[in-house]
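Reminder, nothing fancy here: chain letters follow the sequence lines and each chain counts from 1.
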There are 2 protein chains.
Amino acid sequence: MLTIGKLGAQAGVKVPTIRYYEQIGLLPEAGRSAGNQRLYGRKALERLAFIRHARDLGFTLEAIRDLLSLSDNPEQPCVAADAIARAQLAEVERRLARLTALKAELERMVVQCVGGKIADCRVIEVLGDHSLCSTDHRHPESESSP
Amino acid sequence: MLTIGKLGAQAGVKVPTIRYYEQIGLLPEAGRSAGNQRLYGRKALERLAFIRHARDLGFTLEAIRDLLSLSDNPEQPCVAADAIARAQLAEVERRLARLTALKAELERMVVQCVGGKIADCRVIEVLGDHSLCSTDHRHPESESSP
DNA sequence: CTTGAAGCTATAGTTGCTAGAGACATTAGC
DNA sequence: GCTAATGTCTCTAGCAACTATAGCTTCAAG
Ligand SMILES: [Zn+2]
Ligand SMILES: [Zn+2]
Ligand SMILES: [Zn+2]
Ligand SMILES: [Zn+2]
């Protein structure tokens, strides 16, 4: 049996994050010790490691919630899980495309600046005028982190 | 003079976002009409377009705040602005590297799954065990959107 | 047996907006 | 001139996915 701190250390997840996951129902309520401290077993560690890994791969908590409930039914077909993964792949590919364009623009900006006064700075100039950009990098819609 | 709606349409920024930018001090308080409605001139439009463009390029509002205050002093040297742009470029490059690794892992996952039961699903399996991954894609630290 | 680390709850803050409620202003049609 | 439809006003609350703080209690080492 692991305390929350050991569990977090094993899974690479901070203690408040574990409590947060429990609060939003991603982890089941942990059993408690006599002194009211959470205690975890091997299954909880596996589940938390799954969450951590999926987060590392950029899945949202909502997607992870679905993946977890799928993995709780091992006899079901896996098409739904695969669809979630493919959607995540598509999302990553979209971000990749956008970041590639951003990188190109940022490189252009910093390379073109010859380093004088702000009034002549190419960085400031380009930021003020998208028509100076070489690509259409504008923000289409929603994203999030990884 | 533009109302907030026209300004937003011109700059490609939603009305509540403009009010939010004013609230956090990124835009100066706008003048008001007799009926207490905000009115904007050409300078406000330029400033808002600058913000929008910088957001599109992934700069944080904090970075944009600094860039704006730099651009308000046109006689100063531009090294600080260039440093902000280079930091943003570095950030984009870090995200790009990470997303590239994620893409590889996700592709591996979906390709390896032969589509049977959840119990045999490669997607679920890999999510549960990072040692099945081909790269070290783990989340080092902070990120945010672009 | 004492002390310091680790745990507990509950609340609030982060970033960059977005959505809603309910009241006032402006504009278009008749 | 009047009314209805937008547009704008303020204020508050909510989103993701945590992180931080405060003020407790419990546990483990010396
Ligand atoms: Zn410069
Ligand atoms: Zn541009
Ligand atoms: Zn599968
Ligand atoms: Zn992995």
Side-chain angles (χ1 to χ4, degrees), chain A residues 1-27 29-40 44 48 51-68 88 91 95 139-146, chain B residues 1-27 29-40 44 48 51-68 88 91 95 139-146:
Chain A
M1 284 296 179
L2 299 164
T3 63
I4 196 169
K6 311 283 183 191
L7 178 72
Q10 298 253 342
V13 177
K14 289 180 192 144
V15 167
T17 304
I18 299 173
R19 290 195 279 245
Y20 169 69
Y21 288 161
E22 177 182 311
Q23 189 194 313
I24 64 169
L26 209 56
L27 290 176
E29 290 198 16
R32 299 296 180 113
S33 73
N36 196 36
Q37 303 198 346
R38 291 173 180 81
L39 289 180
Y40 299 90
L48 184 56
I51 296 172
R52 172 75 217 268
H53 196 205
R55 285 296 295 134
D56 282 347
L57 286 163
F59 289 88
T60 65
L61 293 184
E62 257 319 288
I64 294 170
R65 194 188 295 276
D66 293 345
L67 288 166
L68 282 169
Q88 175 62 13
E91 173 69 25
R95 285 187 205 164
H139 210 5
E141 44 194 294
S142 70
E143 274 146 70
S144 48
S145 66
Chain B
M1 284 293 179
L2 299 164
T3 64
I4 196 169
K6 311 284 184 188
L7 178 73
Q10 298 253 341
V13 177
K14 288 179 191 145
V15 167
T17 305
I18 298 172
R19 289 196 279 247
Y20 170 70
Y21 287 162
E22 178 182 312
Q23 189 194 313
I24 63 169
L26 210 56
L27 290 175
E29 291 197 16
R32 299 297 180 113
S33 73
N36 196 36
Q37 303 197 345
R38 290 171 179 83
L39 288 179
Y40 298 91
L48 184 55
I51 296 172
R52 171 77 216 267
H53 197 206
R55 285 297 295 136
D56 282 346
L57 287 163
F59 290 89
T60 65
L61 293 183
E62 258 318 289
I64 293 171
R65 196 189 293 277
D66 293 346
L67 288 167
L68 282 170
Q88 175 61 15
E91 175 67 24
R95 286 188 204 163
H139 209 6
E141 45 193 295
S142 69
E143 275 146 66
S144 49
S145 58

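Put simply, B:Tyr21 has a side-chain N or O that comes within less than 4.0 Å of OP1 or OP2 on C:dC17. Close to C:dA25, at under 4.0 Å from its OP1 or OP2, lies no side-chain N or O of B:Arg32. B:Thr17 has a side-chain polar atom (N or O) that falls below the 4.0 Å cut-off from OP1 or OP2 of C:dT18. Contact annotation: B:Arg38 side-chain N/O to D:dT8 OP1/OP2 distance is not under 4.0 Å. Using a 4.0 Å cut-off, no side-chain N or O of A:Thr60 falls inside it from OP1 or OP2 of D:dA16. Remark: B:Ser33 is in phosphate contact with C:dT26, judged by side-chain N or O atoms under 4.0 Å from OP1 or OP2. In terms of phosphate contacts, B:Lys14 brings no side-chain nitrogen or oxygen within less than 4.0 Å of OP1 or OP2 of C:dC17.
Rounded to a whole Å, the CZ atom of B:Arg65 is 10 Å from the P atom of C:dT15. Atom CG in A:Leu39 sits roughly 16 Å away from atom P in C:dA6 (whole-Å rounding). If you measure from atom CD1 of A:Ile24 to atom C1' of D:dG14, you get 16 Å, rounded to the nearest angstrom. Here the P atom of nucleotide D:dT8 and the CD atom of B:Glu29 are 18 Å apart, to the nearest Å. For the pair A:Tyr20 OH and C:dA12 C1', the computed distance is 15 Å after rounding to whole Å. For A:Leu2 and C:dG7, the CG to C1' distance is 15 Å, given to the nearest whole Å. As rounded to whole Å, 14 Å separates atom C1' of D:dG7 from atom CG of B:Asn36. A:Glu22 places its CD atom 14 Å from the P atom of C:dG7, with the value rounded to the nearest Å.
Comparing A:Gln23 and A:Gln37 along DNA chain C, the residue whose closest nucleotide (by nearest heavy atom) sits nearer the 5' end is A:Gln37. Checking A:Leu61 against B:Gly35, the closest nucleotide of DNA chain D that is more toward the 5' end is the one next to B:Gly35.
Heavy atoms of A:Arg19 sit under 4.0 angstrom from at least one base atom.
Proximity of A:Leu48 to A:Gln10: side-chain heavy atoms (C-beta onward) are nowhere separated by under 4.5 Å. Under the 4.5 Å side-chain criterion, counting only non-hydrogen atoms from C-beta, A:Ile51 is in contact with A:Arg55. Contact check for A:Leu61 versus A:Tyr20: side-chain heavy atoms found under the 4.5 Å cut-off.
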Show your reasoning for whether salt bridge (charged side-chain N to carboxylate O under 4.0 Å, His left out) applies to A:Glu22 and A:Arg19. CA-CA 5 Å; A:Glu22 177 182 311; A:Arg19 290 195 279 245; over 6 Å; no
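In this structure, the side chain of A:Gln88 engages the main chain of A:Gly58 through a donor-acceptor pair within 3.5 Å.
Closest to the B:Arg55 side chain, of the nucleotides C:dT18, D:dA17, C:dG16, is C:dG16.
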